Amino acid sequence: MKFRWKTAAAFLSLALLMAGCSDNGNTEGQESSEPVEQSDSKTLVVANGSDMATFDIHDHNNTSTEAVHVNMFNYLVKNGGEEGFIPDLAESWENKDETTWTFKLREGVKFHNGDDFTAEDVKFTLERVAKDDSLLEYGNYNQIKEVNVLGDYEVEIVTNGPEPALLNRLSRLGSGMLPKKYIESEGWDVFLEEPVGTGPYKFQEWKKDDRLTLVANEEYFGEAPKWDELVFRAIPEDSTRVSELMTGGVDVAVNVPPTDVERIEGTEGVHVEQTPTQRVMMLVLRTAEGNPTSDPKVREAIDLAIDKEAIVESLMGGAGTVTRTRVTPGNTGANESLYGTSLYDPERAKELLAEAGYADGLELTLSSPNGRYLKDKESVELMSAMLGEVGITIDLELLEWSAFNEKYQNRTFGDMFLIGYGNSMFDASLALERLTFEQAAGETDYNNPETEQLLETAETNMNAEERSAQYQEAQELVAEDRPHIYLYQLEAITGINDRIDYEPRLDEMFYADSVNLK
C-alpha cells in the first residue's frame, strides 16, 4: 500500500505537468479578458480532434466519422432509446418470423443528385456490406442472407438465422442508405469524391485533415434544415480547439481538457457540458504465438501495472469510470459486476513478469492516436511510465488519426494499441464481435473456444434473458484472458458557444438539426 501511494503521487505529478503543458499557456482558472462575440450566422462550425475517415459508410467503424455521416445519410430506422425504434426511411416494419422482416419505405424521398430512393437502394446497400468480407462493417451485417424487393417501396430482409438485434444494426453505422443508380453508373471512386445521400445536408467540399463543408439540402423530405452550412474542422491540438472556441472560431469543441473547463466557464459567451458517453478506452493486445503478449501472464502484468483510477482522476478530471468490460450499463447483456471496478497491483505485476521469464524486463510497442480522444497522448505517456515501474519498457508510437486509422484498417500494429470504442447498437454483440475467431484474426488473434461458443449462441438467441446471461459469462472470460485490457468509460467534455442550444448525445452522434440557434 505504501508503494502504491508513493508511485501514484509521482504519476499524479507527471500527469499535472503534462496537462499544464497543453493548456496554451493559460493558468487553470484564469478568465479570458474578452467575451466571445455572439452572432446569428447560419453556419455551424464543429471542431473535432480528428478528421473524418472516409465516405464509404461500410468501410470504417469510427464513431466520429459516423457523427458526420448522419447529416448526409438516413437509416431505415432510428434508435429512439426509451421510445424504442422510430421510422426514418422506413415508415413501418414487421417481424414475420425469426428470419424474415418486411419494411415499407417512405415514398417521395430523393437523393442529393435527384434520384428517387427505392427498395433497390436498400437491397444494394445492405447486400454489399453483408457479402463483401473486405469491408470493416461486414461482421455486423453478414447475418443478412438476402434482401428481396417486394415493390418500389417495400423490401423483405432475410437473415441467415434468428437475428434478435436486426433493428439495432439497421439504426447505426454501416446502414445509411446508398444511391445504387449513381454508384453503378459513376463508380465508387466518383462517389467517394462526390458522395450522395438522402440526408438534410449535402456534400460541398472536403479538405482532408482540415475541414469538411456540407450545405443545406433544400429538397430534404423531412423538416427544412436549420443551418445553411455545416463545417467540421479537424483540430488535433487540445489548446488550439479551446482557443478557437474562446475566440468564436467554432461553435462546438469536443474533448475539452479538464484543465481548461474553469477557464471556459469563466469566459462570457461560452460554456462546457459534461455528459456520459458509451465510449470505453482500452488497450488491444496481440495474443498469437511469437508475441510477448501471447503469454497471459504478461497481459495480466500489463493490466495490474496500470492505475486506471489515477489516470481518470489526474488526466480526465474525474470524467470517467473505470471498467473491466466494454459492455457498460444500459446496453443489452451488460455485466455490471465488471463495471466500476479496476485491478492495480504493481508488485504482483513484477512477479508475473518474472514467472513469464522477463525478470530483467521486456520491451513492447504501444501505438496511439494523438488528438482523437480526450487526453489520448497524455494517457499513453502516463501508462508508459506506469509500465516502466514494473519493468516494461514502452516504445511509444503517436500517430495522427489518418495514419492511425490506416494501420488499424490494415491490422499492422505491433504488440498493442490504444483505442476507444463506442457502442452505437446498445448491445453486447457489437462490443464483443471483434473477439470472435473471424474478427480477431490479424488483430488480437484471440482464440478461446468457450468464449466463441457463448458469442455464437448469443448471436442468434431470441430469448432475451438467456442471451444476456451468455454475454455476461463471455465478458467474464474476456476479462480473465485480457485480449482487450479495458481502462475506463469516458464522459464527454464539450465546449459550446452560448449562441446555440446543444446537448451532446450518449451515442456521440452529431445531428446538426438538433442544434438550435438562440
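Predicted model, so just to flag it, every value in this text is computed and none were measured. Only this structure's heavy atoms are used, side chains among them; waters, hydrogens and symmetry mates stay out.
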For this session: Working to the nearest 0.5 Å, report the span between CE of M509 and CG of L506.
Result: 10.5 Å
Exercise. Does the side chain of E406 come under 3.5 Å of the side chain of S402 through a donor N or O and an acceptor N or O?
Worked result: no
Problem set entry | Nearest heavy-atom neighbours spanning L170 and S175 | O-OG, 3.1 Å
Problem set entry | Under 3.5 Å: donor-acceptor pair, side chain of H484, backbone of Y486 | no
For this session: Please collect all side-chain hydrogen bond (donor to acceptor under 3.5 Å, both in side chains) contacts where either partner lies in residues 414-434, sequence neighbours excluded, each pair once.
Result: R172-S424, N331-N423, T365-D415, Y408-Y421, Y408-R434, Y421-R434, D427-S429, D427-R467, R434-E443
Exercise. Heavy-atom distance under 4.5 Å between the side chains of K78 and Y511, does that happen here?
Worked result: yes
For this session: List the atom of L315, the atom of P258, and the distance in Å for their closest heavy-atom pair.
Result: O-CG, 3.3 Å
Problem set entry | Backbone N/O of K208 and side chain of D51: donor-acceptor pair under 3.5 Å | no
Exercise. Within a strict 4.5 Å, meaning less than it, do heavy atoms of the I302 and L387 side chains meet?
Worked result: yes
For this session: Would you kindly say whether Q143 and E163 are connected by a side-chain donor-acceptor distance under 3.5 Å?
Result: no
Exercise. Is it true that atom CG of N410 has more than 12 heavy atoms of other residues, nucleotides or ligands lying nearer than 6.0 Å?
Worked result: yes
Seminar exercise, completed: Closest non-hydrogen atoms of S368 and D376, given as atom of the first, atom of the second and distance, are OG-O, 4.0 Å
Exercise. Among all residues two or more places apart in sequence or in another chain, which pass the salt bridge (charged side-chain N to carboxylate O under 4.0 Å, His left out) test with R211?
Worked result: none
Exercise. Will you find, in the side chains of T321 and Q489, an N or O donor that is under 3.5 Å from an N or O acceptor?
Worked result: no
For this session: State, with a plain yes or no, whether a side-chain heavy atom of L366 is found less than 4.5 Å away from one of V380.
Result: yes
For this session: Return yes if some donor-acceptor pair links the side-chain N/O of R241 with the main-chain N/O of N255 below 3.5 Å, else return no.
Result: yes
Exercise. How would you list, by chain and number, every residue that makes a ring pair (Phe, Tyr, Trp, His ring centres under 6.0 Å) with Y471, sequence neighbours excluded?
Worked result: none
Exercise. What distance separates R324 CZ from M282 CE, expressed to the nearest 0.5 Å?
Worked result: 14.0 Å
For this session: Determine the sole option in E476, Q475, Q472 for which the side-chain hydrogen bond (donor to acceptor under 3.5 Å, both in side chains) test with N335 is passed.
Result: E476
For this session: Would you mind reporting whether T325 and V280 have side-chain heavy atoms less than 4.5 Å apart?
Result: no
Exercise. Would you find a donor on one side and an acceptor on the other, under 3.5 Å apart, between the side chain of R128 and the backbone of L178?
Worked result: no
For this session: Go through the steps to decide whether S134 and D132 satisfy the test side chain to side chain donor-acceptor pair (under 3.5 Å), and finish with yes or no.
Result: CA-CA 5 Å; S134 70; D132 186 346; 2.6 Å; yes
Exercise. Any side-chain donor-acceptor pair under 3.5 Å between T393 and E363?
Worked result: no
Problem set entry | Donor-acceptor contact below 3.5 Å, side chain D481 vs main chain P483 | no
Exercise. Got a donor-acceptor contact below 3.5 angstrom from the R482 side chain to the E480 backbone?
Worked result: yes
For this session: Kindly write out the residues that satisfy side chain to side chain donor-acceptor pair (under 3.5 Å) with Y138, not counting sequence neighbours, or none if the list is empty.
Result: none
For this session: Report yes if the side chains of L352 and L304 come closer than 4.5 Å at any heavy-atom pair, otherwise no.
Result: yes
For this session: Would you indicate whether the side-chain heavy atoms of L89 and F117 approach each other to under 4.5 Å?
Result: yes
Problem set entry | Backbone N/O of V129 and side chain of D133: donor-acceptor pair under 3.5 Å | no
Problem set entry | side chain to side chain donor-acceptor pair (under 3.5 Å) assessment of T457 paired with Q453 | CA-CA 6 Å; T457 305; Q453 181 61 45; 3.0 Å; yes
Exercise. Out of curiosity, N79 CG to L167 CG, how far, rounded to the nearest 0.5 Å?
Worked result: 9.0 Å
Problem set entry | Pairing residues for H112 by the ring pair (Phe, Tyr, Trp, His ring centres under 6.0 Å) criterion, not counting sequence neighbours | none
Problem set entry | CD (Q204) with more than 12 external heavy atoms under 6.0 Å | yes
Exercise. Is it true that atom NZ of K145 has more than 12 heavy atoms of other residues, nucleotides or ligands lying nearer than 6.0 Å?
Worked result: no
Problem set entry | side-chain hydrogen bond (donor to acceptor under 3.5 Å, both in side chains) pairs, two or more places apart, involving residues 181-201 | N74-T198, Y201-D513
Exercise. Which pairs with one or both residues in residues 375-402 pass ring pair (Phe, Tyr, Trp, His ring centres under 6.0 Å), sequence neighbours excluded?
Worked result: W401-F404
Seminar exercise, completed: Tightest non-hydrogen contact, residues L212 and F55, listed as CD1-CZ, 3.7 Å
Exercise. Which pair of heavy atoms, one from V390 and one from P346, lies closest together, and at what distance?
Worked result: CG1-O, 3.6 Å
Problem set entry | Where F203 and L214 come nearest, the two heavy atoms and their spacing | CA-CD2, 3.8 Å
Exercise. Who pairs with D507 by salt bridge (charged side-chain N to carboxylate O under 4.0 Å, His left out), at least two apart in sequence or on another chain?
Worked result: R505
For this session: Indicate yes or no: at least one non-hydrogen side-chain atom of E491 is less than 4.5 angstrom from one of T277.
Result: no
Exercise. Do D260 side-chain atoms and P257 backbone N/O form a donor-acceptor pair below 3.5 Å?
Worked result: no
Exercise. Any donor and acceptor pair, going by atom type alone, linking the side chain of N217 with main-chain N or O of K202 inside 3.5 Å?
Worked result: no
Seminar exercise, completed: Separation between NE2 (H69) and OG1 (T63), nearest 0.5 Å, reads 12.0 Å
For this session: State whether a side-chain donor-acceptor pair under 3.5 Å links T54 with D56.
Result: no
Seminar exercise, completed: Across all chains, not counting sequence neighbours, the salt bridge (charged side-chain N to carboxylate O under 4.0 Å, His left out) partners of D115 are none
Problem set entry | Criterion side chain to side chain donor-acceptor pair (under 3.5 Å) on N62 and S64, from CA distance to verdict | CA-CA 6 Å; N62 178 261; S64 63; 2.6 Å; yes
For this session: Using the test ring pair (Phe, Tyr, Trp, His ring centres under 6.0 Å), find all partners of H58 that sit at least two apart in sequence or belong to another chain.
Result: none
For this session: Starting at CD1 of I493, measure out to NZ of K375 and round the result to the nearest 0.5 Å.
Result: 9.5 Å
For this session: Please confirm whether the backbone N or O of S50 pairs with a side-chain atom of N48, one donor and one acceptor, at under 3.5 Å?
Result: no
Problem set entry | With D121 via salt bridge (charged side-chain N to carboxylate O under 4.0 Å, His left out) - residues at least two apart | none
Exercise. Taking the six-membered ring for Trp, are the ring centroids of Y446 and F437 within less than 6.0 Å of each other?
Worked result: no
For this session: Report the distance from atom CE of M383 to atom CG of L396, rounding to the nearest 0.5 Å.
Result: 9.5 Å
For this session: For residues 281-290, pull every pair meeting side-chain hydrogen bond (donor to acceptor under 3.5 Å, both in side chains), keeping only residues two or more places apart or in separate chains.
Result: R286-D445
Exercise. Just wondering, are more than 12 heavy atoms of other shown residues or ligands nearer than 6.0 Å to CD in E146?
Worked result: yes
